[in-house]
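Labels below follow one simple rule: chain letters A, B, ... track the order of the sequence lines, proteins then strands, and each chain is numbered from 1. No experiment lies behind these values; they were computed from the predicted model shown.
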Amino acid sequence: MSSKLKLYDTARRETSEFVPIVSGKASIYVCGATVQAAPHVGHIRSGVNFDILRRWLVASGLETTFIRNVTDIDDKILHKAIHEEAPWWAVAMKYERAFSDAYRALNVLPPTYEPRATGHITQMIELMEKLIANGSAYAPGNGDVYLEVRKLKRYLTLSNQKLDDLQSAGDAEDTSKRDPRDFALWKAAKPGEPSWPTPWGAGRPGWHLECSAMAAAYLGDEFDIHGGGLDLVFPHHENEIAQSESAGQKFARRWMHNAWVTTSGEKMSKSLGNSLLVMEVLKRVRGVELRWYLGSAHYRSMLEFSFEALDESATAFRRIENFLIRVKESGAEITKVIHPAFADAMNDDLAVPQALALISEWLRAGNSALSAGESALEQASAIRGALDILGCDPFDPNYGLGAKNLDAAVDGLIALLLEQREAARVRKDFAAADAIRDRIIALGINIEDTPSGPRWSVNG
RNA sequence: GGUGGAGUGGCCGAGAGGCGAGGCUCGGGACUGCAAAUCCCGCUACACGGGUUCAAAUCCCGUCUCCACCUCCA
C-alpha cells in the first residue's frame, strides 16, 4: 500500500491512522438489526458501508474478525408479536431472515459471527453481577436493574453532552430509579412477557446490555472498531461505554458511524411506508445496482434517496459493467488489481467518491483502448479490483446466479436472430434488419454493432 | 435549551488556502446505412455580509436557512 489507512473516530472527531491493537489483525463490532420489521434502504446502507470497511481491511492484509449482532428481543418485537398474533420468537426470526436475505442480495458478506441477544443471557447476568458488586449498578428490588449514571467517572463522551443538559426522559414517572437518567440494564418481566431468571428476578435484557456482553464475549476487553448508525451515538453507544467501562473493560478504541439515507432532506422513518423496503427497491434495480448506489456516497454523508438518482446510478454502473464484459468477451482474463491511487482514496477514511472518479477515468481510457483495438486489460483489472472492494464485482458469483442456465439458450436464440439481421443488412434490406432489431429491443435486449459483429446484453 | 452536521453549477456529489474531482442531463462533433455503444468538445459553481492573505469554496467574525440527536432508531 502506498499510504497508511486513516479512519475517522466519532469520539475524537477527527481522522487518525488506524493502528490495530494486535498487529496484523482487526476486530470490529457493528450494531446490527433489531429484527422487528423488514429492512429498508437505510438499514442496508449501514450494512454496505461497514462491509466496504471490512473488505478494505481484509484487502489491506488484516485478519479481520467482524461481529454484527442481532437484537432479537425488545419492546417493539413484543408489540409486533401481539399485532401479528404470533410468538415473539417467530416474529424475530421472520425479520432476521428478511435482513439476511437483504444482506445476501446486496452481497454483504456474512459476519465472522452473528450473535443473538437471547443467546447471551448468561454473559449479561455475569456483567450485571460485576456492575452491582462494584457499586455501578443497583437492583431496586422490583426485578429491574439500573446503571447509576451519576456514579460514572465519565459519561456522554461520544456525543459530547452534559448530563444536566439532557432533556428529562419521558418515563420520569418510573420511581424505582435513583436518577431519572439511570438506564435499564435489565427489565422485570410483565405478565405474559418472555423472561429469563436472574438473581434479581425474572426479566429480559435492556437494549444496551447485550452489546457490551457480546462484544466482550467475542472480541475481549478491548477491540479496534465499534460501528453503527449515527443515531446510535446516544443513547445506545454512550450506555455501552458506561456499562463496559464500569465493568473494567477498555472497550472500543475507535467509533465509526454511518450517516442516514434521507428522503426530502429528512431522515427516513418507518412511517414512510413500504416503498423503500429493500425487497421493494430490488424490484426496480438489481442488488448490485442498489449496492452501487448506497455505497457511492461517503459513509459519513447523508444520502438523499430518490428513484431518479437510483436509476441514474444504475445506468452508470451498467456502463462500467458493460466495459468489463466487453473486455472479458475479448478473451482476456481480468484479474483484480488494487491500483495505488485507489488505495490512497480508500486509505483516506474510505473516500469512495474519489475512488469513483478514478474508476471513471479508467473507464474512459479503457473504452478508448477498446475502440482503438488495443488491450484494455490494465484498466479493466484496476476497475475490477476496485469494484471487488466495493462489493460490486459483476463477476462475483454472489450476483446474477440463477439465470445462468438460461444464458446459453438465450444466447443461441438471439444469435439466430442477429444472423438473420446481418443477412438483411448485407443485402441492404434495412427495413427488414431494423424490424428484427426492434423486436429484439422490445424484449428488453440491447443490441450494439461493433467492429467484430453485433453483441447483445440484457437491458437492466 | 444542549450537542452535532449541512448549504457547491440544470441535477447528483467530492474537495478544506493557490493548477475548475467525477458522474448525470443538455448542446455540438466523430463513428454508423440508421440506431445503440463508445470517444472528443462545450455548459466555469461553492447560502449571505464583512475580514485575514499576494491568493479564500477552503481560515476568522457575524447572519440566514435546513437537518439530526437529547433514552424506539441503521
Assigned partner base of [N], Watson-Crick or wobble definition, under 3.5 Å:
N: C72(B); result: none
N: C66(B); result: G5(B)
N: U38(B); result: A30(B)
N: C46(B); result: none
N: C11(B); result: G23(B)

Restricting to pairs with a member in residues 355-383 of chain A, which pass ring-ring contact (aromatic ring centres under 6.0 Å, His included), not counting sequence neighbours?
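Applying ring-ring contact (aromatic ring centres under 6.0 Å, His included) to every pair that reaches into residues 355-383 of chain A, excluding sequence neighbours, yields H339(A)-W362(A).
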
Which residues pass the side-chain contact (heavy atoms from CB on, under 4.5 Å) test with A247(A), not counting sequence neighbours?
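Here the qualifying residues are L127(A), K130(A), L131(A), Q249(A).
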
Could you check whether [X] gets within reach of a base, just the sugar-phosphate, or nothing at all, counting any heavy atom under 4.0 Å?
X: I44(A); answer: nothing
X: G228(A); answer: sugar-phosphate
X: T34(A); answer: sugar-phosphate
X: V261(A); answer: base
X: E304(A); answer: sugar-phosphate

Ignoring hydrogens and geometry beyond distance, is a side-chain donor-acceptor pair present between N367(A) and R326(A) at under 3.5 Å?
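Their side chains do contain a donor-acceptor pair, which is all the 3.5 Å distance test asks for.
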
By the salt bridge (charged side-chain N to carboxylate O under 4.0 Å, His left out) test, which pairs, at least two apart or in different chains, include something from residues 379-395 of chain A?
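Of all non-adjacent pairs touching residues 379-395 of chain A, those that pass salt bridge (charged side-chain N to carboxylate O under 4.0 Å, His left out) are K336(A)-D388(A), K336(A)-D393(A), R384(A)-D393(A).
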
Would you mind listing every salt bridge (charged side-chain N to carboxylate O under 4.0 Å, His left out) that reaches into residues 228-238 of chain A, with sequence neighbours excluded?
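Only D231(A)-K267(A) qualify under salt bridge (charged side-chain N to carboxylate O under 4.0 Å, His left out).
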
Taking atom [atom2] of [N] as reference, at what distance in whole Å does atom [atom1] of [X] sit?
X: R364(A); N: A37(B); atom1: CZ; atom2: P; value: 17 Å
X: N258(A); N: G5(B); atom1: CG; atom2: P; value: 17 Å
X: Q36(A); N: A74(B); atom1: CD; atom2: C1'; value: 11 Å
X: F234(A); N: C69(B); atom1: CZ; atom2: P; value: 13 Å
X: H237(A); N: G4(B); atom1: NE2; atom2: P; value: 18 Å
X: E312(A); N: C26(B); atom1: CD; atom2: P; value: 10 Å
X: N49(A); N: A74(B); atom1: CG; atom2: P; value: 15 Å
X: K162(A); N: C70(B); atom1: NZ; atom2: P; value: 19 Å

Can you pull every protein N or O that's under 3.5 Å from an N or O on nucleotides 14-18 of chain B?
from	atom 1	to	atom 2	distance (Å)
A14(B)	OP1	H298(A)	N	3.3
A14(B)	OP1	S301(A)	OG	3.1

Could you pull out the protein-nucleic contacts involving nucleotides 33-36 of chain B (nitrogen or oxygen on both sides, under 3.5 Å)?
from	atom 1	to	atom 2	distance (Å)
G33(B)	O6	R425(A)	NE	3.2
G33(B)	N1	D434(A)	OD1	3.1
G33(B)	N2	D434(A)	OD2	2.8
C34(B)	O2	R437(A)	NH2	2.8
C34(B)	N3	R437(A)	NH1	3.0
C34(B)	N3	R437(A)	NH2	3.4
C34(B)	N4	D449(A)	OD2	3.3
A35(B)	N6	D449(A)	OD2	3.1
A35(B)	N1	D449(A)	OD2	3.1
A35(B)	N3	R437(A)	NH1	2.7
A36(B)	N1	D449(A)	O	3.2

Is the closest side-chain heavy-atom distance between [X] and [Y] below 4.5 Å?
X: H226(A); Y: M256(A); answer: no
X: L152(A); Y: L147(A); answer: yes
X: S16(A); Y: R254(A); answer: yes

Considering only distance and modelled atom types, tabulate donor-acceptor pairs under 3.5 Å from the side chains of residues 65-73 of chain A, sequence neighbours left out.
from	atom 1	to	atom 2	distance (Å)
R68(A)	NH2	E114(A)	OE2	3.4
N69(A)	OD1	G32(A)	N	2.9
N69(A)	ND2	T71(A)	OG1	3.2
N69(A)	ND2	E210(A)	OE1	3.2
T71(A)	OG1	E210(A)	OE1	2.9
T71(A)	OG1	E210(A)	OE2	3.1
D72(A)	OD1	A117(A)	N	3.4
D72(A)	OD1	T118(A)	N	3.0
D72(A)	OD1	T118(A)	OG1	3.4
D72(A)	OD2	T118(A)	OG1	2.6

What orientation do W56(A) and F342(A) show, parallel under 30°, tilted 30 to 60°, or perpendicular over 60°?
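Rings of W56(A) and F342(A): perpendicular, as their planes differ by over 60°.
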
Classify the ring geometry between F183(A) and Y155(A) as parallel (under 30°), tilted (30 to 60°) or perpendicular (over 60°).
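Geometry flag for Y155(A) against F183(A): parallel rings.
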
Between [N] and [M], how many Å separate the two [atom1] atoms, rounded to a whole number?
N: C26(B); M: C67(B); atom1: C1'; result: 31 Å
N: C70(B); M: C11(B); atom1: C1'; result: 35 Å
N: A30(B); M: G17(B); atom1: P; result: 44 Å
N: A74(B); M: A37(B); atom1: P; result: 41 Å

Looking only at side-chain N and O atoms, does [X] come under 4.0 Å of OP1 or OP2 in [N]?
X: N367(A); N: C39(B); value: yes
X: N160(A); N: U3(B); value: no
X: R319(A); N: C39(B); value: yes

Please determine, for the side chain of A357(A), which listed nucleotide (A21(B), U38(B), G23(B)) has the closest atom?
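Ranking A21(B), U38(B), G23(B) by closest atom to the A357(A) side chain puts A21(B) first.
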
Between U3(B), C39(B), C24(B), spot the one nearest the side chain of S368(A), thanks.
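Closest nucleotide to the S368(A) side chain: C39(B).
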
In chain order, what residues pass the side chain to side chain donor-acceptor pair (under 3.5 Å) check against K187(A), with sequence neighbours excluded?
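If we apply the side chain to side chain donor-acceptor pair (under 3.5 Å) test to K187(A), skipping adjacent residues, the hits are D75(A).
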
If the condition is side chain to side chain donor-acceptor pair (under 3.5 Å), which residues does S301(A) pass it with, not counting sequence neighbours?
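With sequence neighbours excluded, S301(A) shows a side chain to side chain donor-acceptor pair (under 3.5 Å) to no residue whatsoever.
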
Give every donor-acceptor pair under 3.5 Å between a side-chain atom in residues 413-422 of chain A and any protein atom, sequence neighbours left out.
from	atom 1	to	atom 2	distance (Å)
R421(A)	NH1	D449(A)	OD1	3.2
R421(A)	NH2	D449(A)	OD2	2.9
E422(A)	OE2	R425(A)	NH1	3.1

Report, one pair per line, the protein and nucleotides 29-31 of chain B atoms (nitrogen or oxygen only) whose separation is under 3.5 Å.
none

Is the backbone N or O of E96(A) less than 3.5 Å from a side-chain atom of S100(A), with the two atoms forming a donor-acceptor pair by type?
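Indeed, once roles are kept as given, a pair shorter than 3.5 Å links the two residues.
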
Donor-acceptor pair, side chain of N107(A) and main chain of G391(A), under 3.5 angstrom:
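Yes, N107(A) side chain to G391(A) backbone: donor-acceptor pair under 3.5 Å.
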
Nucleic acid contacts - residues 149-159 of chain A versus RNA chain B, non-hydrogen atoms under 4.0 Å
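Correct list: S159(A).
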
